[in-house]
Each structure stands twice: as C-alpha cells, then as structure tokens.
Amino acid sequence: MIVTRVDKITRNVPTLFKTADRFPMPELPEVEVTRRGISPHITEQVIERVDVRTPMLRWPIPSGLSALVGGQRVTRVERRGKYLLIEVGAGWLIVHLGMTGTLRVLPRAALERLPDKHEHVDIVFGQTVLRFRDPRRFGAILWHARDAGDVADHPLLRALGVEPFSPDFTAQLMFDRTRGRSVAIKQALLAGDIVVGVGNIYASESLFRARIHPARAAGRIALSRYVALAEAIRDTLAEAIAKGGSTLRDFVSSDGSRGYFQLDYFVYDRAGEPCKVCGNAIRQIVQGQRSTFYCPHCQH
DNA sequence: AAGCTTTCCTGGATGC
DNA sequence: TGCATCCAGGAAAGCT
C-alpha cells in the first residue's frame with residue numbers, strides 16, 4: 001500500500017513529512033490512546049441504543065446487541081492487548097480496531113447527517129455518539145455476558161500474553177517462554193502469546209533499540225539481551241502513548257479523522273535511508289509476509 | 001493491479 | 001503411537 005509507493009518516491013525526505021498524512025495501524029499505543037480519548041466521554045453515560053448498519057465485520061456483530069446494552073450504563077473502559085473492553089452492568093462490549101478501525105466521540109447531532117459507507121456502528125448516548133468506522137472491516141465488536149464469567153476468560157483474550165506494562169512482563173519471562181524455539185524473535189513478538197501489543201511497527205523499533213537482529217531465533221537470545229529488549233519494548237510503547245496523548249482532543253470532533261500520531265521511527269519504513277545511529281542503510285526484509293526493517297550494522 | 005496491512009485458523013512437522 | 005506444541009501459510013477487504 002502507501003508504504004511501498006511513498007518509500008520509493010520520498011526515500012530521502014524527512015520522516016515527519018513522509019508520514020504526516022498516513023494513518024498508522026492500531027497497535028497497543030493507538031488503542032490505549034483511543035481508550036483514554038473515549039473513556040471520559042462515555043463512562044457513567046447510559047447507552048440509549050446501538051445502530052448497526054454493517055453487521056459483518058471480522059465476525060458478525062451479535063444480533064440484538066442494541067437490546068442487550070440499551071438502557072445500560074457504562075461503568076469502565078478497559079484495554080486488554082489491543083482489545084477495548086467497554087463494561088456495562090450485564091457484561092462487556094469487546095471492540096477490536098483491526099487494521100483500519102477508529103472510534104470517535106461525536107455530538108449527537110451527527111446522527112442527522114448520512115454516515116459514510118465505512119461508518120458501520122453508532123453507540124448512541126444521550127448527548128453523544130460513539131462511532132465505529134472501519135474501511136477494511138478487519139475489526140470486531142463482540143459481546144460477553146457477565147453470566148458467561150469474567151471477560152478475561154473470553155476465547156479471544158484467554159491465551160493472550162502479559163501486558164507490557166505489568167510487573168509480570170520481565171526478561172526472565174521472555175527468556176523462559178522462548179527456550180528451544182526456532183521462530184524468529186520478530187515473529188515471536190508479533191504472535192502476542194508472550195507479550196501483547198507489539199505489532200509490526202513497534203516490533204521493528206524495539207528490536208533496533210535492543211540491537212537484536214529481527215531474524216535471530218528467539219531461543220538463541222541470552223537473558224541479558226532480553227533485559228534490553230523488555231526495556232526497549234516498554235520505552236517504545238510508552239513514548240508512543242505519550243505522543244498520542246497530545247492528540248487526545250482529536251477524538252471529539254465532528255469531522256476530524258486524525259486522533260493518532262507518529263513516533264519518529266529509527267527503522268520502520270526507512271528502507272535505504274541512513275541509520276540514525278551508525279549511518280548505514282536501513283534494510284527491509286519480509287518475515288511471515290510482513291515487512292521488517294533493521295540496521296545490518298547495529299543489530300545482530 | 002498486485003502488494004500491503006492484522007489476526008485467527010488450519011494442518012503439517014516436530015518432539016517427548 | 002499419541003498428544004501437545006510449534007510454526008508457516010492462507011483468508012478476509014479496501015486502497016493505491
């Protein structure tokens with residue numbers, strides 16, 4: 001997509017310009033910023049109804065959702081990995097943004113205008129509307145009733161790795177969970193069963209900061225290097241969330257489509273450009289049908 | 001118009 | 001041999 005085209009055309013243009021109008025895939029920082037952006041506007045508010053215009057996202061939106069949550073008050077907005085959990089009395093709405101999903105808080109008057117064809121769902125409150133837009137429809141909106149038990153036991157959440165900011169996320173954990181495994185460390189990070197929230201962009205960035213080659217077998221990385229990697233992951237994600245925090249106001253807007261942000265990347269989307277540390281050309285390879293960027297001099 | 005994106009699922013391979 | 005785990009590849013949809 002744009003990555004390829006832009007990369008060819010603007011190879012030597014500063015990162016800021018190159019990525020200024022591009023919409024990054026939602027990874028953990030984007031989801032967390034979304035959570036912080038919408039939470040103050042919907043917590044303690046009563047859902048009036050849910051308008052579903054496109055029932056088929058990645059999975060079907062449960063039929064009768066409006067009846068299930070209508071009249072219920074939102075008590076909390078949490079996040080688990082890249083899943084947003086909107087809690088009401090009877091259970092949880094589980095929302096995933098997929099690749100192109102966004103949630104925005106709009107004034108209720110927005111209901112009077114025709115939504116565009118990608119604006120699939122409106123969660124309608126008294127004064128506002130939480131609108132889900134997702135052109136590629138890889139996102140999801142699901143329902144987990146309280147009767148069915150804790151939402152953490154939902155099939156999609158049960159097998160997720162630890163949260164990167166929890167005390168459980170340690171170098172020792174990464175080390176233990178990768179012994180004997182031949183999978184490339186980049187792939188192991190993306191799999192999300194050790195630590196959640198590290199997507200394609202932040203995997204490349206974190207590995208650069210930890211000076212680890214993305215194709216290195218996860219089982220052949222020493223504990224001391226996982227110490228660096230765990231720290232790099234936390235730092236990278238925290239920085240991205242901090243940058244996103246400055247754009248929170250964009251979540252409440254009648255027409256703004258921004259709301260995300262751009263970290264200054266060391267390697268991501270910089271194929272052929274000089275490494276910001278050593279000056280050698282950044283390389284691009286494909287792992288598991290996805291692009292990886294790294295510095296052949298700094299990373300081993 | 002083929003490549004790019006995320007995640008879950010499938011099925012073959014591997015290991016105890 | 002059987003069961004569990006690992007890991008590569010495929011699918012979904014829209015954009016350029």
Side-chain angles (χ1 to χ4, degrees), chain A residues 1-10 18-32 34 53-61 79-85 94-103 115-121 132-142 144 154-161 174 176-206 214-221 237 240 257 260 262 265 267-271 284-293:
Chain A
M1 61 179 237
I2 301 176
V3 173
T4 306
R5 181 181 63 76
V6 170
D7 179 57
K8 282 175 187 156
I9 295 172
T10 63
K18 183 171 66 176
T19 55
D21 61 349
R22 200 150 56 76
F23 209 71
M25 300 300 139
E27 297 196 23
L28 183 142
E30 288 81 3
V31 177
E32 175 61 19
T34 296
R53 289 178 289 272
T54 312
M56 194 57 196
L57 301 177
R58 177 165 194 159
W59 298 288
I61 295 173
R79 178 187 57 73
R80 177 73 175 99
K82 299 176 194 171
Y83 293 88
L84 284 166
L85 309 174
I94 302 175
V95 180
H96 198 288
L97 300 178
M99 296 175 53
T100 54
T102 56
L103 282 171
D116 81 32
K117 64 173 179 173
H118 301 308
E119 295 174 338
H120 306 306
V121 178
F132 179 81
R133 182 175 193 275
D134 186 9
R136 286 179 209 172
R137 286 189 268 147
F138 284 12
I141 298 180
L142 300 170
H144 184 78
H154 186 279
L156 290 172
L157 307 184
R158 202 170 37 206
L160 292 181
M174 300 187 88
D176 293 343
R177 291 291 305 276
T178 52
R179 287 315 87 186
R181 294 180 58 185
S182 60
V183 66
I185 182 60
K186 162 89 176 329
Q187 302 282 78
L189 290 177
L190 292 185
D193 53 352
I194 300 174
V195 57
V196 292
V198 185
N200 203 41
I201 296 173
Y202 299 119
S204 282
E205 291 298 305
S206 300
R216 176 169 288 274
R220 302 224 170 175
I221 295 173
L237 295 178
S257 60
Y260 291 154
Q262 203 79 53
Y265 300 139
V267 291
Y268 185 79
D269 203 17
R270 297 192 64 241
Q284 177 173 6
I285 56 173
V286 174
Q287 295 179 281
Q289 295 138 319
R290 266 169 281 174
S291 313
T292 300
F293 300 87

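Keep in mind that the numbers below use all heavy atoms, side chains included, and drop hydrogens, waters and symmetry copies. Throughout, a chain's letter reflects where its sequence line sits, starting with A, and its residues are numbered from 1. All values derive from a computational prediction rather than experimental measurement.
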Sugar-phosphate only, base, or nothing, as touched by A/L156 at under 4.0 Å among non-hydrogen atoms: sugar-phosphate
Between C1' of C/dG14 and CD of A/E119, the distance in whole Å: 16 Å
Separation of atom CG in A/L160 from atom P in B/dT7, rounded to whole Å: 10 Å
Atom-pair distance (CG on A/D269; P on B/dC4), nearest Å: 12 Å
A/H96 side chain near B/dT7 phosphate (N/O to OP1/OP2, under 4.0 Å): yes
Distance, nearest 0.5 Å, that separates CD of A/E32 from NZ of A/K82: 13.5 Å
Euclidean distance, A/R58 CZ relative to A/R137 CZ, rounded to 0.5 Å: 14.0 Å
Any A/K82 side-chain nitrogen or oxygen under 4.0 Å from OP1 or OP2 of B/dT7: yes
Contact letters for nucleotides 6-13 of chain C, in which S counts primed atoms plus P, OP1 and OP2 and B counts the base, heavy atoms under 4.0 Å: -S-SS-BB
Separation of atom CG in A/L57 from atom C1' in B/dC8, rounded to whole Å: 15 Å
Ring geometry between A/H120 and A/F132 (parallel below 30°, tilted from 30 to 60°, perpendicular above 60°): tilted
Nearest-Å distance for atom pair OH/P, residues A/Y202 and B/dT5: 15 Å
Positive for side-chain contact (heavy atoms from CB on, under 4.5 Å) with A/R80, one of A/L156, A/L160, A/I94, A/V31: A/L160
Partner of A/R79 under side-chain contact (heavy atoms from CB on, under 4.5 Å), chosen from A/L28, A/V95, A/T34: A/L28
A/N200 side chain reached by A/K186 side chain, heavy atoms, under 4.5 Å: yes
Between B/dG3 (P) and A/Q287 (CD): distance, integer Å: 19 Å
Under 4.0 angstrom between A/T100 side-chain N/O and B/dT5 OP1 or OP2: no
Donor-acceptor under 3.5 Å (A/R216 side chain, A/I185 main chain): no
Residue-phosphate contact under 4.0 Å: A/Y83 side-chain N/O, B/dC8 OP1/OP2: yes
